[in-house]
Amino acid sequence: MDDESDLSIAADWLREARNVVVFTGAGASAESGIPTFRDDDGFWQEFPVDEFATWRGIVRTALVQPRRLAEFAYAVLHPMAIAKPNAGHLAIADMERHTRVTVVTQNVDGLHGAAGSTIVHEIHGSLFEVVSLKGRFVRLISRRQVQAMSAKLERIRKGWFCLPRTLLAIRPWLGLGRRGLHRPKLVLFGDALAEPDWTLARQAVQKCDCLIQIGCSGVVWPAAELPQTAKAAGACVIAIDPQRTPADIWLRGTAAEVMPALVKRAFGDR
Ligand code: APR
């Protein structure tokens with residue numbers, strides 16, 4: 001079947017659906033200028049997983065190679081601080097005018113909320129939330145604070161580097177309170193997924209009749225189980241990705257190109 005007829009069939013399924021889950025990964029934010037993790041220019045190419053994808057690795061890097069920590073924090077913060085929702089995020093939010101939509105995202109960039117999506121479960125946490133070491137809520141931080149952190153790290157990168165200056169630059173993420181040390185609400189390898197988002201995400205997937213997976217490589221668990229959970233519950237699974245992706249229908253292309261086209265084909269311009 002060709003791309004055109006695939007799009008038409010996917011649009012028919014979406015139009016008939018009553019409960020849609022949109023499951024997104026890093027690819028959904030790539031066209032907002034945020035690198036993915038595993039593509040050629042992905043984060044994990046430049047920052048090895050064993051040094052930067054666990055809290056133990058990050059603490060060790062801070063002690064052994066503190067400058068690398070500042071570079072990593074800047075590489076994560078800068079693109080997310082300046083990012084804007086792309087046409088894919090906006091089409092997902094717009095779809096709420098036509099059907100019931102729940103967004104389940106692995107992304108921590110807050111772009112679904114910024115695009116106007118009203119039900120968003122962030123299963124890998126959020127850059128804009130601070131928690132205690134045990135994951136208890138402490139406070140929210142604004143995109144403006146994240147931009148200020150990124151600007152301070154940029155000055156450190158270009159200028160005189162030292163660890164205390166780096167920790168001061170990311171101070172909104174840190175702290176000490178009655179619940180102990182504070183940290184950003186980011187789920188790293190070996191961590192439990194963010195709650196209540198993970199529980200709510202699984203409930204939504206078990207009830208949905210159509211799941212649209214956008215920009216997920218499907219190699220990180222337990223998030224990667226969600227499309228199969230939807231399928232087992234009788235839902236149809238549509239995937240949007242430039243790379244071939246297992247699904248009932250795989251729509252070849254990018255989030256910002258294909259998602260608006262799919263919503264338009266399903267619901268027209270009304
Ligand atoms: N539009 C849609 N999909 C895209 C685009 C795009 N513009 N660009 C890349 N992709 C696809 C890639 O083909 C790939 O399938 O997005 C996917 C990105 O895969 P990963 O980099 O592995 O990102 P993700 O699946 O979100 O990773 C899962 O791993 O590192 C951890 O916690 C991190 O949440 C992350 C998790």
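If you're wondering where the values come from, they're calculated on a predicted model, not measured in any experiment. Numbering of ligands and ligand atoms starts at 1, following listing order. We count residues from 1, following the sequence as given.
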**Asked** Considering only heavy atoms from C-beta outward, does the side chain of Val76 approach that of Phe52 to under 4.5 Å?
**Response** no
**Prompt:** Between Asp3 and Arg252, is a salt bridge (Lys or Arg N to Asp or Glu O under 4.0 Å) present by the stated rule, with each step listed?
**Reply:** CA-CA 7 Å; Asp3 292 357; Arg252 179 203 343 252; 3.6 Å; yes
**Asked** Between His124 and ligand 1, which residue portion shows a heavy-atom distance shorter than 4.0 Å: side chain, backbone, both, or neither?
**Response** side chain
**Message:** Within the structure, is a non-hydrogen atom of Gly42 found at a distance of less than 4.0 Å from ligand 1?
**Reply:** no
**Prompt:** Which residue and non-hydrogen atom of the protein lie closest to atom 19 (O) of ligand 1, and at what distance in Å?
**Reply:** Ser217 CB, 3.3 Å
**Protein residue, atom and distance nearest to atom 35 (C) of ligand 1, heavy-atom basis** = Phe37 CE1, 3.6 Å
**Distance from atom 28 (C) of ligand 1 to nearest protein heavy atom, with residue and atom** = Gln106 OE1, 3.2 Å
**Asked** Which residue and non-hydrogen atom of the protein lie closest to atom 27 (O) of ligand 1, and at what distance in Å?
**Response** Arg38 NH1, 3.1 Å
**Message:** If the threshold is 4.0 Å, N to carboxylate O, is there a salt bridge linking Glu195 and Arg136?
**Reply:** no
**Residue and atom name of the nearest protein heavy atom (relative to atom 18 (C) of ligand 1), distance in Å to one decimal** = Gly215 O, 3.7 Å
**Proximity winner for atom 12 (C) of ligand 1, if only heavy atoms of Thr254, Asp241, Val258 are counted** = Asp241
**Request:** For ligand 1, note which part of Glu31 has a heavy atom under 4.0 Å away: side chain, backbone, both or neither.
**Result:** side chain
**Prompt:** Would you say Val138 and Arg183 make side-chain contact, with heavy atoms under 4.5 Å?
**Reply:** no
**Request:** Check each atom of ligand 1 against the heavy atoms of Gln243 and keep those under 4.0 Å away; list them by number with element.
**Result:** 13 (O)
**Request:** Could you tell me whether some N/O pair between Val187 and ligand 1 is separated by less than 3.5 angstrom?
**Result:** no
**Fill in**
the protein heavy atom lying closest to atom 24 (P) of ligand 1 turns out to be Ala26 N, 3.9 Å
**Message:** To the nearest 0.5 Å, what is the distance between CD1 on Ile238 and CD1 on Ile214?
**Reply:** 10.0 Å
**Asked** How close does the nearest protein non-hydrogen atom get to atom 8 (N) of ligand 1, and which residue and atom is it?
**Response** Ala30 CB, 3.8 Å
**Message:** Is there a side-chain contact between Phe23 and Ile212 in this structure, where contact means two heavy atoms from C-beta onward sitting under 4.5 Å apart?
**Reply:** no
**Worked verdict on Leu251 versus Ile249 for side chain to side chain contact (heavy atoms under 4.5 Å, CB included)** = CA-CA 6 Å; Leu251 301 176; Ile249 284 194; 3.6 Å; yes
**Message:** Between Leu200 and Leu226, is there shared hydrophobic-cluster membership here, with clusters defined by ILVMFWY side-chain heavy atoms closer than 4.5 Å?
**Reply:** no
**Request:** Give a yes/no on ligand 1: does Asp39 have at least one heavy atom closer than 4.0 angstrom to it?
**Result:** yes
**Asked** Among protein heavy atoms, which lies nearest atom 1 (N) of ligand 1, and at what distance?
**Response** Ala255 N, 3.0 Å
**Prompt:** Any luck finding a side-chain donor-acceptor pair between Arg202 and Thr229 under 3.5 Å?
**Reply:** no
**Asked** Is the CG atom of Asp40 crowded by more than 12 outside heavy atoms at less than 6.0 Å?
**Response** no
**Item:** Per-residue contact class, Val220 against ligand 1 - non-hydrogen pairs under 4.0 Å
**Value:** side chain
**Request:** Specify side chain, backbone, both or neither for Trp44, according to which of its non-hydrogen atoms lie closer than 4.0 Å to ligand 1.
**Result:** side chain
